[in-house]
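Some notes on the structure that comes next.
In each ligand, atom 1 is the first atom listed, and ligand 1 is the first ligand listed.
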Amino acid sequence: MNGYRDLRVALLGCGSVGAQVARLILEQGDELAARVGARLQLAGIAVRSLDAKRDVELPQELFTTDAEQLVLGADVVVELMGGVEPARTLILQALEAGADVVTANKALIAAHGPELADAAEQVGAQLSYEAAVAGAIPIIRPLRESLAGDHITRVLGIVNGSTNYILDRMDRFGDSAEDAMRVASELGYLEADPTLDVEGYDAAQKATILASIAFHTEVPVDAVHREGITGITSEQIQAARNAGAVIKLLAIAERVTATDGTQGVSARVYPALIDRDHPLAAVHGGKNAVFVEAEAAGELMFYGAGAGGVETASAVLGDLVSAARRHVVGG
Ligand code: HSE
C-alpha cells in the first residue's frame, strides 16, 4: 500500500509454524500494514536446507541459508528454529544490531530467558515470546501486562497437548497407555523425542516461563520438580474416575511462605488428580488451558490450541505486530 514505510522482517526457520507465519505475512500484507502503520516486508527466510519440503508454497527467492546476514539490517527478527543454538547467538546478534525479536522457542527461553531479556533491555529492544507457552493461547501478555497490577497467587496449566491427549483417551475411551501413545504418535502430536512430552520436560520448560512472569522472579528450569505420565496406568485412571476425579499432567507455580516467613515460588509438573467439577477437567484432547488465581481478579482461565502450525502462528503474528508498532510510534 502506498504511503507506508517498510519494516524489514527476518524469519529464522520454516517449519510448520514458520511456513504459516510467512504465508500470513504475505497474504495479509495490506491488512497488517493498515494495522501497524508500516508495511511488514518479509526480507527473507533462513533455513538449513534450501531443498526441504515446506507446508506452504513460498517464493523461492525468499530462502537463504545465511541467517547471520539476514539478521543484519532487520527491524524485527522472528526466530522459529527451535533449540538453543544457533538460535540464542542469532537473537543476541539481532538485539545488538537494534532489532526487536519475536520467538516461539520454549527451550531457549526456559534456559536463557533472563540473559536474552537483559540483552534486550540494554538496547531498549523488545523480546516477546507469546507462542512459547500454550501455542495460540494469549497467556504471556495477560500475565505480564493485563495482570501487572494484581497479585497472582497460583498458576495451574495444562500446557502439554500430547500428554493431555493421551490421558484424555485413557479416561474417555478406555485406551491403554500404549494404545493412546500410539495414536498420539500417529497424529504427529508428540515431539520428535517423545520423552520431552511424556516425561514432563516440555511442560517443565513452560512452567519455568509462566512462573518467572507471574511471580516477577527467575525460576530456573532445574528448580521445577518434574514427574511425567509414563507410570500412569488404566487402573489409576479408572480409580480416579470412580472417585469423581481425572488425572491431568499439570504445571503448577505458586507463591509459598517458608516457616521462617520467607516468600518463594514453588513450581512443579506432575500427573495431578483434579476434581471433575474443576474447569481444567473439561480440557479434552490436545487442547491446553492455563488457570490463574489472582488476589483481585479471582479465577481466570485461558483455553485453546496449544500447538499446531497456523494456531501458533497467530500468537507469533500478534507479537510481530506489537513489535512493528513500536517502530512506527517511536519513529
Ligand atoms: N509437544 C508440545 C505439546 C507441542 O504436546 O504440547 C507444543 O509446545
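Under 3.5 Å, the side chains of Thr195 and Asp193 contain a donor-acceptor pair of N or O atoms. Checked by atom type, the side-chain pair Asp100/His327 shows a donor-acceptor distance below 3.5 Å.
When the heavy-atom distances from atom 6 (O) of ligand 1 to Gly161, Gly82, Ala131, Pro194 are ranked, the shortest goes to Gly161. Comparing heavy-atom distances from atom 3 (C) of ligand 1 across Val159, Asp193, Asn160 singles out Asn160 as nearest.
Close contacts between ligand 1 and Asp197 involve ligand atoms 1 (N), 2 (C), 3 (C), 5 (O) [criterion: under 4.0 Å to a heavy atom]. Which parts of ligand 1 touch Lys206 is read off a 4.0 Å heavy-atom cut-off, strictly below it: atoms 2 (C), 6 (O), 7 (C), 8 (O). Taking every non-hydrogen atom of Ala307 and a distance limit under 4.0 Å, the qualifying atoms of ligand 1 come out as 7 (C).
Under 4.0 Å is where a charged nitrogen must lie from a carboxylate oxygen, and between Arg35 and Glu31 at least one such pair does. Between Glu299 and Arg154, no side-chain nitrogen of the basic residue sits less than 4.0 Å from a carboxylate oxygen of the acidic one, so the salt-bridge criterion is not met.
Look at Gly306 and you'll find a heavy atom under 4.0 Å from some atom of ligand 1.
With hydrophobic clusters built from ILVMFWY side chains whose heavy atoms lie under 4.5 angstrom apart, Leu24 shares a cluster with Val17.
Surrounding CD of Glu57 are at most 12 heavy atoms belonging to other residues, nucleotides or ligands under 6.0 Å away.
Given atom 2 (C) of ligand 1, the protein heavy atom at minimum distance is Glu191 OE2, 3.3 Å.
Ligand 1 has a nitrogen or oxygen under 3.5 angstrom from a nitrogen or oxygen of Lys106.
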